[in-house]
Each structure stands twice: as C-alpha cells, then as structure tokens.
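Side-chain atoms are counted along with the backbone in the values below, which use heavy atoms only and exclude waters and symmetry mates.
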Amino acid sequence: MSNKAKVMIIGGGVNGLCSAYYLSQSGYDIEVIDPGFSAEGTSYGNAGMIVPSHFIPMASPGIISKGLKWMFNASSPFYIKPRLDWRLIQWLWRFNKSCSSRNVERSQELIWKYNELSKQEYAKLAQNENLNFDFHQRGLMMLFKSEKSKAEEIEIAQKANEIGIEAKVLDQSQVQSLNPDVKVDVLGGVYFPEDAHLYSNHFMRDLMDLLTKRGVKLTKDSVIGTKMANDRITALTTKNGKVVLADHFIITAGAWSWKILKMLGIKLLLEDGKGYSITQKSIDIKPTIPAILTDEKVAITPMGDDLRITGTLEISGISTKINHKRVHGFLSAVPKYFPDMKVPDQPAVDEIWTGYRPLSFDGVPYVGRSKSIANLVVATGHGMMGMSLGPATGKLVAQIVNQENTDLDLELMRLGR
C-alpha cells in the first residue's frame with residue numbers, strides 16, 4: 001500500500017468522518033465531500049445514545065401490526081406516507097418478509113457486538129484524542145406506564161440477559177432513586193447499565209477539527225456523476241465542476257446513498273426515516289440517565305447542560321415540511337413521565353430539528369466492499385443507530401480498505417443480500 005494512495009469519502013456524517021479518522025491512521029491522502037457539513041445533518045440532532053441494549057432489529061415480529069395501528073393516529077410515533085413509488089413498494093415487501101423470528105435470531109448478536117465495539121471506540125476517542133463530547137456510560141432506562149409495555153420490556157430484558165447484555169427490571173421507586181434530580185411518574189422500567197450517551201453536535205465538531213489538523217480535506221460539494229474504467233471508479237464529477245480522482249471510494253451518504261449508487265449501476269434498498277428533535281438549553285430539571293418512553297417511542301437525553309427530546313419515525317420521502325402534529329405528539333409525552341419537566345407545547349419552527357435515518361429493509365446496516373466495483377466500499381443503512389455505530393463503522397471501513405481481518409463478520413451486512 002502506498003502512503004500516498006487517495007481515498008475519497010462521499011458523505012460527511014458520523015460514518016464518513018469516522019471512516020476518515022481510522023483511515024488517516026494508515027497514511028492515506030483523504031478527502032471527504034458533503035453538501036453541508038452542518039448541524040442540519042442526521043449526525044447532529046439525534047438522541048446521542050450508544051445502545052448495545054438495542055440488539056433487536058427494527059424488522060421484527062409484531063412491528064407490522066403496531067405500524068398499522070399507529071398509521072391511523074396523527075400524533076403516533078410511526079407513519080408511512082402512502083405514495084406510488086416502486087422503490088418504496090419493494091422496500092415494504094422485503095421489510096414485511098424480514099419481520100420474523102429468524103431475522104431477529106440471526107442478527108441480534110451482530111447488532112449487539114457492533115454497538116459494543118462502537119462504545120469501546122468512543123471511549124478510546126475521548127481518552128486518546130482528548131476530545132470533550134460529554135461521553136458518559138450511565139446506562140439507559142426503558143420506562144413504561146402500562147402493563148402491556150411492562151410485559152414487552154421484561155421479555156426483551158430476559159432475552160438481553162440470555163445473550164450476555166445486563167438488564168435490570170426496576171419498580172417505580174428504583175427508577176426514581178437513579179434519577180434524583182427529577183420526579184418520575186412510571187410503573188417501572190428496565191435499566192441497561194452498559195449503554196452510554198454523548199453530545200452528538202460536540203462530537204462532530206471536535207472530530208472535524210481533529211481531521212482538519214491531520215490533513216484530511218473537507219469539501220462542501222455534491223456528487224453528480226461518475227466515471228468508470230473496467231470494474232473500477234476512476235473519477236467523480238461534482239456540482240461545482242470538480243473532477244475528483246482517487247484510488248478508493250467510500251460511500252457513507254446516509255439516506256442519499258442509494259442515489260449515488262444508482263449512478264454506478266448498483267441497486268440498494270434503502271428508505272428514509274424522518275425524525276424530529278428539540279434541544280432545550282441550560283435545563284436544570286432533567287433525568288440523570290437517558291430514557292426512552294416506551295409507549296410513545298420518545299428519547300430523552302441529558303447532553304451536558306442541555307436536554308434533547310427526540311421522536312417519531314416518518315417514511316414520507318425527503319421533505320423539509322414539518323408535521324406539527326407529530327412534534328406535539330412526542331413532546332406531550334414527556335410530562336406524563338416527568339411531571340416537573342417543562343417542554344414547549346408547540347415550539348417555533350426554527351427550534352425543531354429534522355433529519356433522515358437510512359433504513360435497510362431488515363434492520364441490519366449495509367457495510368462492505370462492492371462485488372461489481374473493486375475500489376468501492378459502502379457503509380449506510382444504520383437506521384436510528386447511526387451515531388451509536390459510527391466509530392465501529394469507521395474502523396470496519398478502514399479494515400476493508402486495508403484488506404485486513406474485520407472486527408465483525410460482515411456476511412449479514414453484505415450489499416447484495
């Protein structure tokens with residue numbers, strides 16, 4: 001391997017920047033191209049949770065029936081906008097087929113180990129690079145207010161303990177004792193002490209600064225075309241009229257990855273999952289431990305002095321339109337669990353963040369080298385765990401490019417599955 005080999009990374013979210021970080025350790029000439037490198041990206045406004053506890057893929061038994069029920073509730077946590085779109089129809093067909101016990105059984109260990117590897121890499125980044133992104137391993141609370149949710153969460157806790165993930169079922173008083181700074185009104189919860197969280201905006205900012213100091217070039221631009229010779233990409237053309245030459249090409253463009261791959265003749269089943277969040281600044285009354293309100297699928301994350309509230313999964317096509325009913329729906333859930341917490345009933349438009357999670361049809365990311373294009377590696381489809389899996393993804397991408405043994409078995413994540 002030549003130390004001057006050029007790597008072009010398309011997509012400047014957490015997966016792209018982490019790929020640049022780990023590849024930079026091998027002496028490559030690296031450029032990352034992204035239209036914005038801005039806080040509007042999905043890697044910025046997310047819940048900031050690192051979740052080995054989330055080992056069950058989104059495509060699992062029962063999710064279809066839940067989704068159908070939620071579809072008729074304007075403020076529900078899940079929504080698919082009906083539209084005549086052949087790509088969406090294909091994705092839904094494969095998603096439906098993947099909602100099986102078999103899919104859960106074959107992928108749960110991979111998803112757990114993937115998240116655990118990423119947590120370990122986050123800890124190394126914080127310590128070895130002296131980055132201050134409010135990384136803490138305080139665990140995660142899955143809070144419930146109904147007997148039905150209690151039964152579901154206890155079942156998941158039992159499965160978690162069976163495969164080696166520590167999970168503790170708590171009553172209301174035990175939940176309260178772990179959150180002394182805020183009143184908690186719940187039936188109980190499941191506590192996953194091995195989970196962690198961070199301030200995603202701070203991580204992205206500090207990582208970009210570190211990469212720039214290491215000579216990684218960050219270019220604001222968009223890919224509009226590709227050039228091929230035999231089975232290799234030779235160049236990319238950009239919106240600003242630039243022709244980019246490289247030895248290796250990495251696509252980490254999130255929900256937009258399928259469009260770039262389409263230029264290369266590669267079909268990838270990927271849908272956008274729109275999410276919303278608001279960040280309240282300098283909040284004194286907030287939980288000590290990040291929590292998910294299980295009935296409403298709302299995430300609550302303390303981030304330094306601030307608090308982030310995240311919710312909804314909306315498959316509606318890429319659109320900047322804000323669904324205020326859904327925003328109200330996830331915000332109104334918060335005082336039901338934390339009565340003393342004050343949240344806006346309907347925040348101003350400029351206070352609402354939206355982003356798009358790239359959803360694979362089976363809940364397992366796409367990570368691997370293309371079989372048809374020798375110098376192309378793809379890493380996308382991480383769904384709602386993109387931030388959680390970022391460093392592990394970057395490390396895997398570097399191992400693939402360097403033709404090294406990977407820390408995880410990539411078979412279930414292959415592109416052509």
Compute whether any side-chain donor of one residue and acceptor of the other, for Q174 and Y191, lie under 3.5 angstrom apart.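 Result is no, nothing qualifies.
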
Say whether Y22 and N402, considering side chains only, have a donor N or O and an acceptor N or O under 3.5 Å apart.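 No, because no side-chain N or O of Y22 sits under 3.5 Å from a partner of the opposite role on N402.
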
Are [X] and [Y] close enough for a salt bridge, meaning some N to O gap below 4.0 Å?
{"X": "K113", "Y": "D407", "value": "no"}
{"X": "E162", "Y": "K159", "value": "no"}
{"X": "D362", "Y": "R417", "value": "yes"}
{"X": "E116", "Y": "K119", "value": "yes"}
{"X": "K325", "Y": "E314", "value": "no"}

With the side chain counted from C-beta on, respond yes when [X] and [Y] share a heavy-atom pair under 4.5 Å apart, and no when they do not.
{"X": "L307", "Y": "M341", "result": "yes"}
{"X": "I300", "Y": "P287", "result": "yes"}
{"X": "F249", "Y": "I373", "result": "no"}

Mind listing the side-chain donor-acceptor pairs of residues 225-236 below 3.5 Å, one per line with the distance, residues two or more places apart or on another chain?
| from | atom 1 | to | atom 2 | distance (Å) |
| --- | --- | --- | --- | --- |
| R232 | NH2 | D247 | O | 3.4 |
| T234 | OG1 | K227 | O | 3.1 |

Sequence-distant partners of Q346, side-chain hydrogen bond (donor to acceptor under 3.5 Å, both in side chains), two or more places apart: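 H324.
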
Taking only residues two or more places apart in sequence or in another chain, which ones pass side-chain hydrogen bond (donor to acceptor under 3.5 Å, both in side chains) with D171?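 Testing D171 for side-chain hydrogen bond (donor to acceptor under 3.5 Å, both in side chains), a comparison that skips the adjacent residues, returns S173.
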
What orientation do W256 and Y356 show, parallel under 30°, tilted 30 to 60°, or perpendicular over 60°?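 Taking Y356 first and then W256, their aromatic rings stand perpendicular (interplane angle over 60°).
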
Aromatic ring pairing F361/Y366, orientation class (parallel under 30°, perpendicular over 60°, tilted between):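 Taking Y366 first and then F361, their aromatic rings sit tilted (interplane angle of 30° to 60°).
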
